[in-house]
Colleague: 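Sharing a structure, written as structure tokens. Questions coming.
Just so it is clear: chains get the letters A, B, ... in the order the sequence lines come, proteins before strands, and each one is counted from 1.
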Number of protein chains: 2
Amino acid sequence: MKDVISEILKNNQLSVTENRLKILELFQKNGKALSHGDIEKMSGKHFDRVTIYRTLQTFVDKGIIHTIPTADNSIMYALCKDTCSEGHHHDDHVHFLCEECGTTYCLDNVTIPQVTIPKGFSVHQTNVLVNGICKNCR
Amino acid sequence: MKDVISEILKNNQLSVTENRLKILELFQKNGKALSHGDIEKMSGKHFDRVTIYRTLQTFVDKGIIHTIPTADNSIMYALCKDTCSEGHHHDDHVHFLCEECGTTYCLDNVTIPQVTIPKGFSVHQTNVLVNGICKNCR
DNA sequence: TTAATTTTGCAACACTGTTGCAAAACTTTA
DNA sequence: TAAAGTTTTGCAACAGTGTTGCAAAATTAA
Ligand SMILES: [Zn+2]
Ligand SMILES: [Zn+2]
Ligand SMILES: [Zn+2]
Ligand SMILES: [Zn+2]
């Protein structure tokens, strides 16, 4: 397990450090989107706040995790699929936020629908965020 | 003009104050989404920060403005249509963020597409956020 | 005009995120 | 394995954002 995570880091030209192993492991274990605050709590205040911020930013830059827009003012992060790489994210799936438990899911199999935009506007990226109740809360 | 805005406030059982008139006027004049920071700058530091926060929250509660999810960590606000009321928003349109000028638009005529969600999940609301270049920037 | 109610501004605070820099950890090389 | 070079970390300090309590001011109702 640790070895697999180490490989991910090495493949991205990143030093293998305790902090990075731990944070990647948290994403793997939880299988859902995490906020900076979530990680800070779960890592048992073992790492500095700043280090966590910098690690998340590094992972986003490298295409290891992606950010998810939210209606309230918080950034969520989730693991990317193998198709993402440095500077090139392809996380074109729908995100679901459960209003009961607060969990944010990547619905990897639900593709983003095509939206028709008025003339003169050109589209780079479309984000779809669905709110509701998840399968565990009903 | 001021009278029309006063009416909006009275219809929502809100006292007519200079602050509220000014903020509503800013939304009417600009015709685009505004952040708390935008309003603070545009109002010429005439009102206290806290007052602006509370006014925005009040307007959201009353169904006068709605919030817009963003990919970066900032809340944007825009005027609702007449169909919204206290506790009942119906702002089911697509939002567009221009990567060039930073303007956020409500695309009132672009309806939210239906997304098919896995079994066990139930949908309350769907937000669609499109990034790209707007008609003024190309 | 006065009394009752609502709104505002101030102070103080909590939370989130950023930067510079020296120390520590990690990687490379020999 | 040890030393040198490079990257990462933790600390301190700071900026930005948003919240709460409370007394003063403004607005509304009588
Ligand atoms: Zn990605
Ligand atoms: Zn995702
Ligand atoms: Zn609304
Ligand atoms: Zn809108």
Side-chain angles (χ1 to χ4, degrees), chain A residues 2-3 5-26 33-62 64-65 67-77 86 102 104, chain B residues 2-3 5-26 33-62 64-65 67-77 86 102 104:
Chain A
K2 282 248 162 143
D3 293 341
I5 300 179
S6 289
E7 281 309 309
I8 297 174
L9 294 174
K10 283 176 192 159
N11 290 341
N12 285 284
Q13 291 87 45
L14 290 173
S15 299
V16 178
T17 67
E18 205 191 333
N19 163 61
R20 287 172 177 164
L21 288 173
K22 180 71 179 176
I23 292 182
L24 263 188
E25 197 187 355
L26 285 175
L34 301 174
S35 68
H36 170 272
D38 292 335
I39 292 168
E40 203 177 346
K41 279 170 208 125
M42 286 193 279
S43 64
K45 287 175 188 176
H46 198 261
F47 305 111
D48 192 80
R49 252 162 31 82
V50 178
T51 302
I52 298 174
Y53 279 117
R54 286 197 268 226
T55 301
L56 290 171
Q57 189 54 56
T58 301
F59 286 177
V60 170
D61 293 343
K62 290 292 186 178
I64 300 172
I65 60 177
T67 58
I68 303 169
T70 61
D72 73 328
N73 229 9
S74 73
I75 306 178
M76 299 297 291
Y77 303 85
E86 181 153 13
T104 300
Chain B
K2 282 244 162 148
D3 292 344
I5 299 179
S6 288
E7 280 310 308
I8 297 173
L9 294 174
K10 283 176 190 160
N11 290 341
N12 285 282
Q13 291 87 45
L14 291 173
S15 299
V16 178
T17 68
E18 203 191 333
N19 163 61
R20 286 172 179 166
L21 288 172
K22 179 73 179 176
I23 292 181
L24 262 189
E25 197 187 354
L26 285 175
L34 300 174
S35 68
H36 171 271
D38 293 334
I39 293 168
E40 203 177 346
K41 280 170 207 125
M42 286 194 278
S43 65
K45 286 175 188 177
H46 198 261
F47 306 111
D48 193 81
R49 252 162 31 83
V50 178
T51 302
I52 298 173
Y53 278 116
R54 286 197 269 228
T55 301
L56 289 171
Q57 189 54 57
T58 301
F59 286 177
V60 170
D61 293 343
K62 289 292 186 177
I64 299 172
I65 60 178
T67 59
I68 303 170
T70 61
D72 73 328
N73 227 10
S74 73
I75 306 177
M76 299 297 291
Y77 302 87
E86 181 154 12
T104 301

Colleague: Enumerate the protein-to-nucleotides 16-25 of chain C contacts in which both atoms are nitrogen or oxygen and the separation is below 3.5 Å.
Modeller:
unit_1	atom_1	unit_2	atom_2	d
dG17(C)	OP1	N73(B)	ND2	2.7
dG17(C)	OP2	Y53(A)	OH	3.1
dG17(C)	N7	R49(A)	NH1	3.2
dG17(C)	N7	R49(A)	NH2	3.1
dG17(C)	O6	R49(A)	NH2	3.0
dG20(C)	O6	R54(A)	NH2	3.4

Colleague: Rounded to the nearest 0.5 Å, what separation is found between the CG atom of L24(A) and the OG1 atom of T55(A)?
Modeller: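 That separation rounds to 9.5 Å.
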Colleague: Roughly how bent is the helix from dT1(C)-dA30(D) to dA30(C)-dT1(D) end to end, in steps of 10 degrees, with each end axis from five pairs?
Modeller: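 Roughly 30°, once rounded to the nearest ten degrees.
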Colleague: For K62(A) and dT7(D), give me the distance from atom NZ to atom C1', rounded to whole Å.
Modeller: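 Checked: the NZ to C1' distance equals 12 Å.
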Colleague: Just verifying a value: how many Å separate I52(B) CD1 and R54(B) CZ, rounded to the nearest 0.5 Å?
Modeller: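 The CD1 atom of I52(B) sits 11.5 Å away from the CZ atom of R54(B).
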Colleague: Expressed as a whole number of angstroms, how long is the span from L9(A):CG to dT7(D):P?
Modeller: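 Interatomic distance, CG of L9(A) to P of dT7(D): 16 Å.
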Colleague: Return the set of residues passing side-chain hydrogen bond (donor to acceptor under 3.5 Å, both in side chains) with D61(A) (not counting sequence neighbours), or none when no residue passes.
Modeller: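 Q57(A).
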Colleague: N12(B) CG to dT27(D) C1': how many Å, rounded?
Modeller: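 For the pair N12(B) CG and dT27(D) C1', the rounded distance is 17 Å.
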Colleague: Whole Å only: how far is the CG atom of L24(A) from the P atom of dT8(D)?
Modeller: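 So the two atoms are 14 Å apart, to the nearest Å.
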Colleague: If the condition is side-chain hydrogen bond (donor to acceptor under 3.5 Å, both in side chains), which residues does S35(B) pass it with, not counting sequence neighbours?
Modeller: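 Once residues adjacent in sequence are excluded, the partners of S35(B) under the side-chain hydrogen bond (donor to acceptor under 3.5 Å, both in side chains) criterion are D38(B).
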Colleague: Under the rule for side chain to side chain contact (heavy atoms under 4.5 Å, CB included), what residues qualify as partners of N12(A), not counting sequence neighbours?
Modeller: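 Residues passing side chain to side chain contact (heavy atoms under 4.5 Å, CB included) with N12(A): I8(A), L14(A), K62(A), I64(A).
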Colleague: So, using side chain to side chain contact (heavy atoms under 4.5 Å, CB included) as the criterion, who are the partners of K10(A) when residues are at least two apart?
Modeller: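 Side chain to side chain contact (heavy atoms under 4.5 Å, CB included) list for K10(A), sorted by chain: E7(A), V16(A).
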Colleague: Can you list every pair that meets ring-ring contact (aromatic ring centres under 6.0 Å, His included) and has a residue in residues 37-61 of chain A, with sequence neighbours left out?
Modeller: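 Only H36(A)-Y53(A) qualify under ring-ring contact (aromatic ring centres under 6.0 Å, His included).
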Colleague: Using atom CG of D48(B) as one end and atom C1' of dT19(D) as the other, report the distance to the nearest whole Å.
Modeller: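 The distance from CG of D48(B) to C1' of dT19(D) comes to 12 Å, rounded to the nearest Å.
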Colleague: When you get a sec, tell me which of dT7(D), dT9(D), dT7(C) is the closest nucleotide to the side chain of R20(B)?
Modeller: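 My answer, after comparing the listed nucleotides, is dT7(C).
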Colleague: My understanding is that only residues two or more places apart in sequence, or in another chain, count here; which of them pass side-chain hydrogen bond (donor to acceptor under 3.5 Å, both in side chains) with T51(B)?
Modeller: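 T51(B) satisfies side-chain hydrogen bond (donor to acceptor under 3.5 Å, both in side chains) with no residue once adjacent residues are dropped.
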Colleague: Could you pull out all residues at least two apart from T17(B) that satisfy side chain to side chain contact (heavy atoms under 4.5 Å, CB included)?
Modeller: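 In terms of side chain to side chain contact (heavy atoms under 4.5 Å, CB included), with neighbours along the sequence ignored, T17(B) is linked to S15(B), N19(B), R20(B).
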Colleague: Look at the side chain of S15(B) and decide which nucleotide, out of dG9(C), dT27(D), dT27(C), has an atom nearest to it.
Modeller: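 From the listed options, dT27(D) comes nearest.
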Colleague: By nearest nucleotide on DNA chain D, pick out whichever of F47(A) and L14(B) is the more 5' one.
Modeller: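 Per heavy-atom nearest nucleotide, the more 5' residue is F47(A).
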Colleague: Please state how far atom CG in N19(B) lies from atom P in dA25(D), giving the value in whole angstrom units.
Modeller: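 That distance rounds to 17 Å.
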Colleague: Expressed in angstrom and rounded to an integer, what is the separation of I23(A) atom CD1 from dT8(D) atom P?
Modeller: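 Atom-to-atom, I23(A) to dT8(D), this comes out as 13 Å.
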Colleague: What protein N or O atoms touch nucleotides 28-30 of chain C N or O atoms at under 3.5 angstrom, if any, and at what distances?
Modeller:
none

Colleague: Using the side chain to side chain contact (heavy atoms under 4.5 Å, CB included) criterion, which residues pair with T67(A)? Sequence neighbours excluded.
Modeller: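 Result, side chain to side chain contact (heavy atoms under 4.5 Å, CB included) vs T67(A): V60(A), I75(A), Y77(A).
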Colleague: Could you give the CD1-to-P distance, from I52(A) to dT9(D), as a whole number of Å?
Modeller: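 To the nearest whole Å, that distance equals 10 Å.
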Colleague: Can you name the residues that form a side-chain hydrogen bond (donor to acceptor under 3.5 Å, both in side chains) with T104(A), not counting sequence neighbours?
Modeller: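 Here no residue qualifies.
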